[in-house]
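Down below is the structure, laid out as structure tokens.
So that the names make sense, note that chain A is the first sequence line, chain B the second, and so on, each numbered from 1.
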2 protein chains.
Amino acid sequence: MTVHQHGRYSTPVDDLPSRAVPEAAVGRLAIYLRVLTSMIEQGVTTMSSEELAGAAGVNSATLRKDLSYVGSYGTRGVGYDTARLVEHIEQLLGLTRHHSVAVVGIGNLGHALANYGGFPDRGFPVTALFDVDEDLVGIPVGGLPVDHVNTIPEVCAERDVTIGVICTPARAAQTVCDLLVAGGVRCILNFAPVMLQVPSDVEVRRVDLAVELQILSFYQARRSSGRRAGTADPVAVIR
Amino acid sequence: MTVHQHGRYSTPVDDLPSRAVPEAAVGRLAIYLRVLTSMIEQGVTTMSSEELAGAAGVNSATLRKDLSYVGSYGTRGVGYDTARLVEHIEQLLGLTRHHSVAVVGIGNLGHALANYGGFPDRGFPVTALFDVDEDLVGIPVGGLPVDHVNTIPEVCAERDVTIGVICTPARAAQTVCDLLVAGGVRCILNFAPVMLQVPSDVEVRRVDLAVELQILSFYQARRSSGRRAGTADPVAVIR
DNA sequence: GCAACTTTGTTCCTGCGTTCACAAGCGGCT
DNA sequence: AGCCGCTTGTGAACGCAGGAACAAAGTTGC
């Protein structure tokens, strides 16, 4: 799980194209987008809410409501035009522009992310890498040289970084976060196990491996204490 | 964000120590646990709900309700005994036993996770690594040799793997998932951008980098279209 | 030993998100 | 050209999680 630091999910008052979009809906829209692009590659030009919902693993009513946030781009009796829908979802999610990404903390995880280079699905080019370790500074990782964390504000401002990814140990995370904010970064993806304190106009999303594992552990515990040793062997009932 | 594949959060009927625990509460409990262990290291023996809630970034009423799921281990007028609380949360989350972890797909991310060795916070030893690449098989990563994915069922059953982590490309994820399930794995952490189909007794948690970035992109778009070019320079108002 | 203060545990309530269900709309078929 | 069937879009109901407020309980000081 990723826990949201605060529940803001829309600008309080705005006359933007669409009304307030629930945070959960935004996440699902990103998933629909992936399903749609994948289907388009397979030559699918039209999909009904039922089909798309099935592929995304959600209720079709939920899907239609989510899509209604984007606007009314379906055709009754037919379904949604895949290409058209992709276009509008991308616009809503702000994917028409590129978001330059900075990765801070070039340890195991940071290294992995830096090597993605273009990051999962394009549109998120990694343009800056930072670390405290002087020995790492200057060394290229994934084709991009590492800069020192002290230079975060200047470099981020200069390269117009919009998203900062924090992969540092917990103790360094808040300091790094402050530096990113000082550099004008307003979107932060935090892999460090701490709650970051940020100004209200900065959006933080947290991905916490330890929490994910512990939640799985909880369900495992529940399961095994709820049932005594199962008699049946494990059968994979795929449906 | 991490999206939950299904909303199950408690065994339907059970006379277990505590009643049904909301999924969100489980995630928060894991956070309280981290805060508590950190405070204990600093010698703190007692904390009030207000203090703990502040450190975890949640409302104190929410915290007290969460803790009520684990049982009544606070002292009115005083607060919670940190050590005692840690003990009971760990028990609820099933952290008293070790959960052996298997990592499948030793690419950038899998490599990073394998190198953690003991995984964030102990209790989750990595005991198996898998990949399709024959060249990787046999090579030790983080001190553990890589096995071929074909051997997943046997190896997982043999080493009593309880948690499988999928770091493969999207197209391989479902196959790998089926193999893990066949090997008796009932908890899966999925980094691949697909919705896995699993039997109902298997719990899947998904961590989706692309979705996280796109959600951040959405907020960024909202913000910049809501306001015209800001006049003030970025000031870090930490509160 | 009693009283006052502090903090928990819980109940009630409010608000949000999801689901259901139906009316409106569009294409195809005759 | 008109009707029929299918699918969207949305209004209304349901259910759940979060927050406020209060009563119970325990501790400390007198």
Side-chain angles (χ1 to χ4, degrees), chain A residues 1 3-10 12 17-29 31-32 36 44-82 84-85 88-89 215, chain B residues 1 3-10 12 17-29 31-32 36 44-82 84-85 88-89 215:
Chain A
M1 178 188 70
V3 175
H4 327 313
Q5 281 210 327
H6 32 256
R8 275 183 306 109
Y9 49 79
S10 74
S18 51
R19 61 212 142 195
V21 184
E23 174 156 333
V26 177
R28 285 191 299 265
L29 282 167
I31 295 171
Y32 307 153
L36 284 166
V44 179
T45 59
T46 294
M47 283 185 91
S48 72
S49 63
E50 209 70 52
E51 291 175 283
L52 188 47
V58 301
N59 185 298
S60 69
T62 302
L63 178 131
R64 286 200 299 278
K65 184 151 287 187
D66 289 346
L67 292 188
S68 78
Y69 296 128
V70 214
S72 294
Y73 299 113
T75 308
R76 295 172 191 231
V78 179
Y80 298 92
D81 181 282
T82 50
R84 209 167 130 81
L85 197 49
H88 288 286
I89 295 179
I215 292 174
Chain B
M1 179 186 68
V3 175
H4 326 313
Q5 282 210 326
H6 32 257
R8 274 183 307 107
Y9 50 78
S10 73
S18 51
R19 60 211 144 196
V21 183
E23 175 157 332
V26 177
R28 286 192 298 265
L29 283 167
I31 295 172
Y32 306 153
L36 284 166
V44 178
T45 59
T46 293
M47 282 185 92
S48 73
S49 63
E50 208 71 50
E51 291 175 282
L52 188 46
V58 301
N59 186 297
S60 69
T62 302
L63 178 131
R64 286 199 299 276
K65 184 164 291 185
D66 289 345
L67 292 187
S68 79
Y69 294 126
V70 333
S72 295
Y73 299 113
T75 308
R76 298 172 191 227
V78 179
Y80 297 92
D81 181 282
T82 51
R84 208 167 131 82
L85 197 50
H88 288 285
I89 294 180
I215 292 175

key: Proximity to the side chain of V78(B) - top-ranked nucleotide from dT19(C), dA21(C), dT27(D)   = dT27(D)
key: Spacing of L63(A) atom CG relative to dT10(D) atom P, expressed in whole Å   = 14 Å
ask   = Should S68(B) be listed as having a side-chain N or O under 4.0 Å from OP1 or OP2 of dG9(C)?
value = no
ask   = Under a 4.5 Å cut-off applied to non-hydrogen side-chain atoms, are D66(B) and V21(B) in contact?
value = no
key: Length of the line joining E51(B):CD and dT6(C):P, which is rounded to integer Å   = 14 Å
key: Which nucleotide in dT27(D), dC20(C), dT8(D) has an atom nearest any side-chain atom of A61(A)   = dC20(C)
remark   = note: E23(B), atom CD; dG17(C), atom C1'; distance rounded to Å ~ 15 Å
inquiry  = Looking at dG17(C), I'd like to know if its phosphate oxygens (OP1 or OP2) sit under 4.0 Å from a side-chain N or O belonging to R28(A).
reply    = no
message = Is it the case that the base of dT7(D) and the side chain of R76(A) share a donor-acceptor contact (distance under 3.5 Å, atom types as modelled)?
response = no
ask   = Counting only side-chain N and O atoms of Y80(A), is one of them less than 4.0 Å from OP1 or OP2 of dC26(C)?
value = no
request  = Respond yes when some side-chain nitrogen or oxygen of S48(A) is under 4.0 Å from OP1 or OP2 of dT7(D), and no when none is.
outcome  = no
ask   = Shortest non-hydrogen contact from L52(A) to Y32(A)?
value = CD1-O, 4.5 Å
inquiry  = Just the rounded figure in Å: distance from P of dG9(C) to NE2 of H88(B).
reply    = 12 Å
remark   = To the nearest angstrom, the CZ-P distance between R64(A) and dC22(C) comes to 13 Å
query = Donor-acceptor pair, T46(A) side chain versus G79(A) backbone, under 3.5 Å?
reply = no
ask   = Heavy atoms, side chains only, cut-off 4.5 Å: are Y80(A) and R64(A) in contact?
value = yes
query = Starting at NZ of K65(B) and ending at P of dA21(D), how long is that distance when rounded to a whole Å?
reply = 14 Å
key: Minimum side-chain heavy-atom gap T75(B)-D81(B) below 4.5 Å   = no
Closest-nucleotide 5' rank along DNA chain C - winner of V58(A) and T75(A) = V58(A)
query = Using a cut-off of less than 4.0 Å, is there contact between a side-chain N or O of T62(B) and OP1 or OP2 of dG19(D)?
reply = yes
key: Between dT7(C) (P) and M47(B) (CE): distance, integer Å   = 13 Å
task = Starting from C1' on dT8(D), measure out to CG on L67(A) and report it in whole angstrom.
result = 10 Å
